[in-house]
Number of protein chains: 2
Amino acid sequence: MTTTAPASAARPRERRQRVQAAETGMAVLKALARLGGRASLTALAAEVDEQPAKVHRYLASMIEAGIVAQDSGSSHYRLGPEALYIGLAAMRQADPIRVAEPALIRLREQLGVTCFIAVMGNKGPTIVRFEEPGLPVTVNVRVGSVMSLLWSATGRVFLGLHDDAQVRRLALEELDGADAASRGALDPADPLGPLQREVRAAGCSIVIDTNLKGISAVSAPIYNHAGQVCGALTALGTTGGFDARPDGPIAAAVLAEARAASHELGYASATP
Amino acid sequence: MTTTAPASAARPRERRQRVQAAETGMAVLKALARLGGRASLTALAAEVDEQPAKVHRYLASMIEAGIVAQDSGSSHYRLGPEALYIGLAAMRQADPIRVAEPALIRLREQLGVTCFIAVMGNKGPTIVRFEEPGLPVTVNVRVGSVMSLLWSATGRVFLGLHDDAQVRRLALEELDGADAASRGALDPADPLGPLQREVRAAGCSIVIDTNLKGISAVSAPIYNHAGQVCGALTALGTTGGFDARPDGPIAAAVLAEARAASHELGYASATP
């Protein structure tokens, strides 16, 4: 706000400038992160396509705020401790359920499939969100259902990609309790190995009638910033009316939505 | 910049406002992180002591930038994916050596002690930065020296606080190679346990003549955002002229500097 101009005249311009300035500040901050968290003024100015003198003023504000720091030697700028605290708080807010929920609606609307999000619970992969189309497939799974690690597409995603001793223990317990017919479908010498290798090779799991008779399902992993599987996104349908081909539209959509959710949780950028 | 006012008149005001606005934006961002990464407009405005209408304009800019997101249900604001990416880039820049280096100068200047930073190398705790006063103590350690996990204060910090199988393996190897006299100073039934418990209880390690005859040392852990020991800050001197008391000024200074370095690496905020 200026002392000379009347408030009425000053306010609109002030507002516009302030918002512009905040957006420029955010753009500089994001550019510094894109450049790996450390860069020269020249490189930063080029990245945001602004004059170095202007970018320098913004960096001064961010250094003041502790969000950016300057190396004494190279005088390069780097992200400072406050940027780290902001990221840690953002991680605590990163929730696979929230980020993947819109995907359930899209899958239901666009493909007319029953779909759900499962996370690893203490009893196994557990459905936490569930969407079904107007004419639902009759399946006995719902929110709260714990899925088989050995026979369901959802479970196999965790079995193959969730590098955790508890998952293996639960899978072996399930194996002990399985009937001879079910066990017969697995390699007696190495019952889990082939299932895990298949998921790791494909990056998703597809089952046809293995878990529920007459039901096919496609499941893809949701990764967090640390590269751990924090959820699974699954679509299912009656084996007759559900395209379960690895290169079919349903598998493609489920994989694309799971990748997008992982990206929002920081997965892509977690690998420098 | 305005179209009416002459550039010369507009520039200083514009610059001041832009920097102010960038700083306000950063303050709102830091406030959202302080509030746990998620808050209502009312709570945020109170936290930064600004009018909600003004804070709302800044939040709009940050949503535009993907740094902040708004929950559909509660309409609360939370840190978005871009904030997470910024934090991940900041973590890649968080370096125990860089953040602790100024501490070495302060310890040398203020206490006249020889001091160094060590990190865990593949052979054991390895000195990576070393500072000594004008009249140095003659010690046979320098940059590149690998410190004993069993007998040095630096090594005991890693032995007691670095929860890693490799540290234990290296310590047991060192124990096998130790002479009878040295081994005699340890509990034959549980040679490592008492050393580890002592460091865990004290939060630092103090040795007198155990590693180098006539030399005392105080070492404190530097933690990263994940709560792992990523370095040790150590001060040493001749046993005669070095105050190695746990409540003495040297131990207090080394602990305070190690805590400050850990904080800059995100340690404090890593524990919600």
Could you check whether atom NE2 of A/His56 has more than 12 heavy atoms from other residues, nucleotides or ligands sitting under 6.0 Å from it?
no
Can you tell me if A/Gln166 has over 12 outside heavy atoms packed within less than 6.0 Å of its CD?
yes
With A/Leu192, which residues qualify under side chain to side chain contact (heavy atoms under 4.5 Å, CB included), at least two apart?
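Checked A/Leu192 against side chain to side chain contact (heavy atoms under 4.5 Å, CB included); matches are A/Leu150, A/Leu159, A/Arg168, A/Ala171, A/Leu172, A/Gln196.
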Please list, chain by chain and in numerical order, all residues satisfying side chain to side chain contact (heavy atoms under 4.5 Å, CB included) with A/Arg259, sequence neighbours excluded.
A/Leu255
Select, from B/Leu35, B/Leu32, B/Leu29, the one with the greatest count of heavy-atom pairs under 4.5 Å involving chain A.
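Going by pairs under 4.5 Å, I would pick B/Leu29.
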Top of B/Ala65, B/Gly66, B/Gly25 for chain A proximity - count of heavy-atom pairs under 4.5 angstrom:
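Top count of heavy-atom pairs under 4.5 Å with chain A: B/Ala65.
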What's the spacing between [X] [atom1] and [Y] [atom2] if we round to 0.5 Å?
{"X": "A/Tyr85", "Y": "B/Arg34", "atom1": "OH", "atom2": "CZ", "result": "12.5 Å"}
{"X": "A/Arg78", "Y": "B/Gln93", "atom1": "CZ", "atom2": "CD", "result": "7.5 Å"}
{"X": "B/Met26", "Y": "A/Met62", "atom1": "CE", "atom2": "CE", "result": "4.0 Å"}

Sub-4.5 Å heavy-atom contacts with chain B: which residues of residues 94-107 of chain A show up?
A/Ala94, A/Arg98
Heavy-atom check, side chain of A/His225 versus side chain of B/Met91, under 4.5 Å
no
Given heavy-atom pairs under 4.5 angstrom as the criterion, report whether the side chain, backbone, both or neither of [X] touches chain B.
{"X": "A/Leu265", "answer": "backbone"}
{"X": "A/Glu264", "answer": "both"}
{"X": "A/Ile67", "answer": "side chain"}

Minimum heavy-atom distance between [X] and [Y], given as atom pair plus value:
{"X": "B/Ala83", "Y": "A/Ile86", "answer": "CB-CG2, 4.0 Å"}
{"X": "B/Ala22", "Y": "A/Tyr58", "answer": "CB-CD2, 3.7 Å"}
{"X": "B/Leu79", "Y": "A/Ala89", "answer": "CD1-CB, 3.6 Å"}

B/Arg38 versus chain A, the contacting section by heavy-atom distance below 4.5 Å:
both
Keeping to residues at least two apart or across chains, list the side chain to side chain donor-acceptor pair (under 3.5 Å) pairs with something in residues 109-118 of chain B.
none
